[in-house]
Amino acid sequence: MNQHEQRRAPLANGMPMLGLGTWQNDDPEACAAAVETALEAGYRHIDTAQAYGNEESVGRGIERADVDREDVFLATKVWIDNLAYDDVLSTTQESLDKLGVDAVDLLYVHWPSRSYDPEGTFRAFDELVDAGKVDRIGISNFLPEQVDEAIERADAPIFANQVEMHPLLRQEELREHCADRDVELVAYSPLARGEVFDVPELTEIAEKHDASEAQVSLAWLREKGVTAIPKASSEAHILDNWRSLDLELDDDDVAAIDAIDRTDRQIDPSFAPW
Ligand SMILES: NC(=O)c1ccc[n+]([C@@H]2O[C@H](COP(=O)([O-])OP(=O)(O)OC[C@H]3O[C@@H](n4cnc5c(N)ncnc54)[C@H](OP(=O)(O)O)[C@@H]3O)[C@@H](O)[C@H]2O)c1
């Protein structure tokens, strides 16, 4: 299949709504191979972070794939120890060097924690935008009131808030809050780190459509207008998740998922704002 025949993810304000997550894909060769495989399969959105320790491998995967750099939506995140003004500037340059790119499409504040200082942090993010090293500003793990503070502080628009979201953590309030402010939601841990395979309601819908629970979760997120970045290492998982683009849930499916009576947050470090 050549690139022109390949399926493409729908776009949310220019951002492909299905991307590849890379957290804990820290074996250099495995990470580069996963990125290359995903891009060759049709993915055009790759998510990494300073804290994942794999920006060089992600860059190598992009370099190896038969895809032009400008066709890839590349996102990284500034870690919570690097959010003081000077450190944002210096460590983002390090990220660009490791990734082997002149600019990233999206640069997130990874968490509103530790050295995060809305004034200095966003002054540096704005300067990076002005310098052409960052196309858009993102935030991650921000609560509604913190989203508003970020919008207030940054000159550039806040493009996206990346938070945990899946059928066991539906984020209804935050989703509405962000939608009202034109801030895209990006769902991390969209497979609830594997928990989606253990939810009878999802298994029932998966069987009905001859799909996997992973595909059901990803199709539900798309239905909600939310971008998802499942992490997958094997080609089988990368392709299984990609095929979620072919799955259309019906209203009954969505209602059944919206009614699941179980909440399960996977990511809850001591420095979380909640
Ligand atoms: N901003 C933040 O603070 C934050 C926090 C957490 C995550 N993230 C981002 O979000 C990405 C995704 O979240 P996550 O890694 O926590 O969890 P996830 O994507 O919900 O789940 C990943 C797990 O599911 C497995 N998997 C993937 N596709 C599968 C499939 N089709 N069938 C069966 N198993 C499958 C993976 O296995 P294999 O690896 O073996 O394929 C891996 O063990 C991260 O990689 C990272 O980029 C951001």
Side-chain angles (χ1 to χ4, degrees), residues 16-27 29-31 33-35 37-38 41 43 45-55 57-58 61 73-80 83 95 99 104 106-114 116 138-143 146 160-169 171 174 184-199 202-203 206 211-221 226-247 264-274:
M17 290 183 72
L18 185 62
L20 180 76
T22 62
W23 183 34
Q24 295 178 333
N25 200 342
D26 31 31
D27 174 81
E29 177 48 34
C31 181
V35 170
T37 301
Y43 287 72
H45 176 171
I46 308 290
D47 183 85
T48 181
Q50 292 175 347
Y52 302 169
N54 61 11
E55 287 171 313
S57 314
V58 166
F73 188 94
L74 178 59
T76 192
K77 315 183 192 79
V78 181
W79 185 237
I80 56 179
L83 290 167
S95 290
L99 288 161
V104 286
L106 180 56
L107 185 72
Y108 293 100
V109 175
H110 204 148
W111 292 83
S113 304
R114 220 171 289 170
Y116 174 60
I139 52 182
S140 180
N141 298 297
F142 276 50
L143 299 174
Q146 295 172 320
N161 188 14
Q162 182 182 126
V163 298
E164 180 174 345
M165 181 172 168
H166 44 70
L168 302 177
L169 191 68
Q171 299 280 19
L174 184 65
E184 296 294 336
L185 220 58
V186 176
Y188 74 64
S189 306
L191 311 179
R193 302 183 63 78
E195 277 304 303
V196 296
F197 298 99
D198 222 8
V199 180
L202 297 180
T203 301
S212 68
E213 289 88 343
Q215 291 169 344
V216 172
S217 187
L218 297 171
W220 174 82
L221 285 160
V226 172
T227 294
I229 47 165
K231 178 251 183 180
S233 325
S234 65
E235 182 174 27
H237 287 169
I238 290 169
L239 295 180
D240 188 59
N241 296 339
W242 188 245
R243 292 189 193 110
S244 68
L245 295 174
D246 295 324
L247 175 60
D264 200 341
R265 185 189 282 279
Q266 299 293 317
I267 306 292
D268 198 10
S270 58
F271 50 77
W274 43 83

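Both ligands and their constituent atoms are indexed starting at 1 by order of listing.
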(message) If you count heavy atoms of other groups shown closer than 6.0 angstrom to CD of E235, is the number above 12?
(response) no
(message) Can you name the atoms of ligand 1, numbered from 1 with element, that are less than 4.0 Å from a heavy atom of G21?
(response) 11 (C), 45 (O), 47 (O)
(request) Find all atoms of ligand 1 within a distance of less than 4.0 Å from any non-hydrogen atom belonging to P230, and give their numbers and elements. (result) 19 (O)
(request) With heavy atoms of H110 as the reference, note each atom of ligand 1 found under 4.0 Å away. (result) 1 (N), 2 (C), 3 (O)
(message) Out of all atoms in ligand 1, which are within 4.0 Å of some heavy atom of A192? Include the element for each.
(response) 20 (O)
(request) State plainly whether the residues D47 and K231 are in salt-bridge range, i.e. N to O under 4.0 Å. (result) no
(message) To the nearest 0.5 Å, what is the distance between CE on M165 and CH2 on W220?
(response) 4.0 Å
(message) Within this structure, what is the CD-CG distance for the pair E195 and D198, rounded to the nearest 0.5 Å?
(response) 6.0 Å
(message) Checking a contact table here: which protein heavy atom is nearest atom 45 (O) of ligand 1, and how many Å away?
(response) W23 N, 2.9 Å
(message) Nearest 0.5 angstrom please: L106 CG to I46 CD1, how far?
(response) 13.0 Å
(request) Determine, step by step, whether N141 and Y188 satisfy the side-chain hydrogen bond (donor to acceptor under 3.5 Å, both in side chains) criterion, reporting the C-alpha distance in whole Å, the side-chain angles of both residues, the deciding distance to 0.1 Å, and the verdict. (result) CA-CA 10 Å; N141 298 297; Y188 74 64; 2.7 Å; yes
(message) Show the nearest heavy-atom pair for residues N54 and A49, with the distance to one decimal.
(response) OD1-O, 4.4 Å
(request) Distance to 0.1 Å, residue and atom name: give those for the protein heavy atom nearest to atom 28 (N) of ligand 1. (result) N241 ND2, 3.0 Å
(request) Indicate yes or no: does an N/O atom of R193 lie under 3.5 Å from an N/O atom of ligand 1? (result) yes
(request) Mind checking the CG-CG spacing from L168 to L202? Nearest 0.5 Å is all I need. (result) 6.5 Å
(request) Note the single closest protein heavy atom to atom 46 (C) of ligand 1, along with its residue, its atom name and the distance in Å. (result) Y52 OH, 3.3 Å
(request) Report the residues that fulfil ring-ring contact (aromatic ring centres under 6.0 Å, His included) with F271, sequence neighbours left out, ordered by chain and then residue number. (result) W79, W111
(message) Applying side-chain hydrogen bond (donor to acceptor under 3.5 Å, both in side chains) to S95 and E55, what does each step give before you reach the verdict?
(response) CA-CA 7 Å; S95 290; E55 287 171 313; 2.9 Å; yes
(request) Run the numbers for me: atoms of ligand 1, each under 4.0 Å from some heavy atom of D240, listed by number. (result) 30 (C), 31 (N)
(message) Nearest 0.5 angstrom please: T76 OG1 to Q50 CD, how far?
(response) 6.0 Å
(request) Can you figure out which of S234, S244, P269, S233 has its heavy atom closest to atom 38 (P) of ligand 1? (result) S233
(message) Taking 4.0 Å as the limit for heavy-atom contacts, which would you say applies to N25 with ligand 1: side chain only, backbone only, both, or neither?
(response) neither
(message) So, regarding G194 and ligand 1 (criterion: nitrogen or oxygen to nitrogen or oxygen, under 3.5 Å), is there a contact or not?
(response) no
(request) Determine whether the side chain, the backbone, both or neither of A236 has a heavy atom under 4.0 Å from any heavy atom of ligand 1. (result) neither
(request) Report the part of Q266 in contact with ligand 1, treating N, CA, C, O as backbone and CB onward as side chain, heavy atoms under 4.0 Å; options are side chain, backbone, both, neither. (result) neither
(request) Give the residue, atom name and distance (to 0.1 Å) of the protein heavy atom nearest atom 47 (O) of ligand 1. (result) D47 OD2, 2.7 Å
(message) If you compare all heavy atoms of H166 against all heavy atoms of S189, which two are closest, and at what distance to 0.1 Å?
(response) CD2-O, 3.1 Å
(request) Search all heavy atoms of L169 against all heavy atoms of D264 and return the closest pair with its distance. (result) CB-O, 4.4 Å
(request) Give the residue and atom name of whichever protein heavy atom lies nearest to atom 15 (O) of ligand 1, and the separation in Å to one decimal. (result) K231 CB, 3.2 Å
(message) Using a 4.0 Å heavy-atom cut-off, which part of L191 comes near ligand 1: side chain, backbone, both, or neither?
(response) both
(request) Note the single closest protein heavy atom to atom 1 (N) of ligand 1, along with its residue, its atom name and the distance in Å. (result) S140 OG, 2.9 Å
(message) Taking a cutoff of less than 4.0 Å between a non-hydrogen atom of the residue and any ligand atom, is S212 in contact with ligand 1?
(response) no
(request) May I ask you to identify, for S189, whether its side chain, its backbone, both or neither come under 4.0 Å of ligand 1 on a heavy-atom basis? (result) both
(request) Please check if a non-hydrogen protein atom sits closer than 4.0 Å to atom 43 (O) of ligand 1. (result) no
(message) Using a 4.0 Å cut-off to any heavy atom of Q162, which atoms of ligand 1 qualify?
(response) 1 (N), 2 (C), 4 (C), 8 (N), 9 (C), 48 (C)
(request) Could you pull out the closest heavy-atom pair between L20 and A34, with the gap in Å? (result) CD2-O, 3.8 Å
(request) Check each of Y108, W111, Y188, W242 against atom 2 (C) of ligand 1 and report the one with the nearest heavy atom. (result) Y188
(request) For atom 33 (C) of ligand 1, find the nearest protein heavy atom and state the residue, atom name and distance (0.1 Å precision). (result) F197 CZ, 3.1 Å
(request) Return the residue, atom name and 0.1 Å-rounded distance of the protein heavy atom closest to atom 12 (C) of ligand 1. (result) I229 O, 3.1 Å
(request) Check for a donor-acceptor pair, side chain of Q266 on one end and backbone N or O of R193 on the other, with a separation under 3.5 Å. (result) no
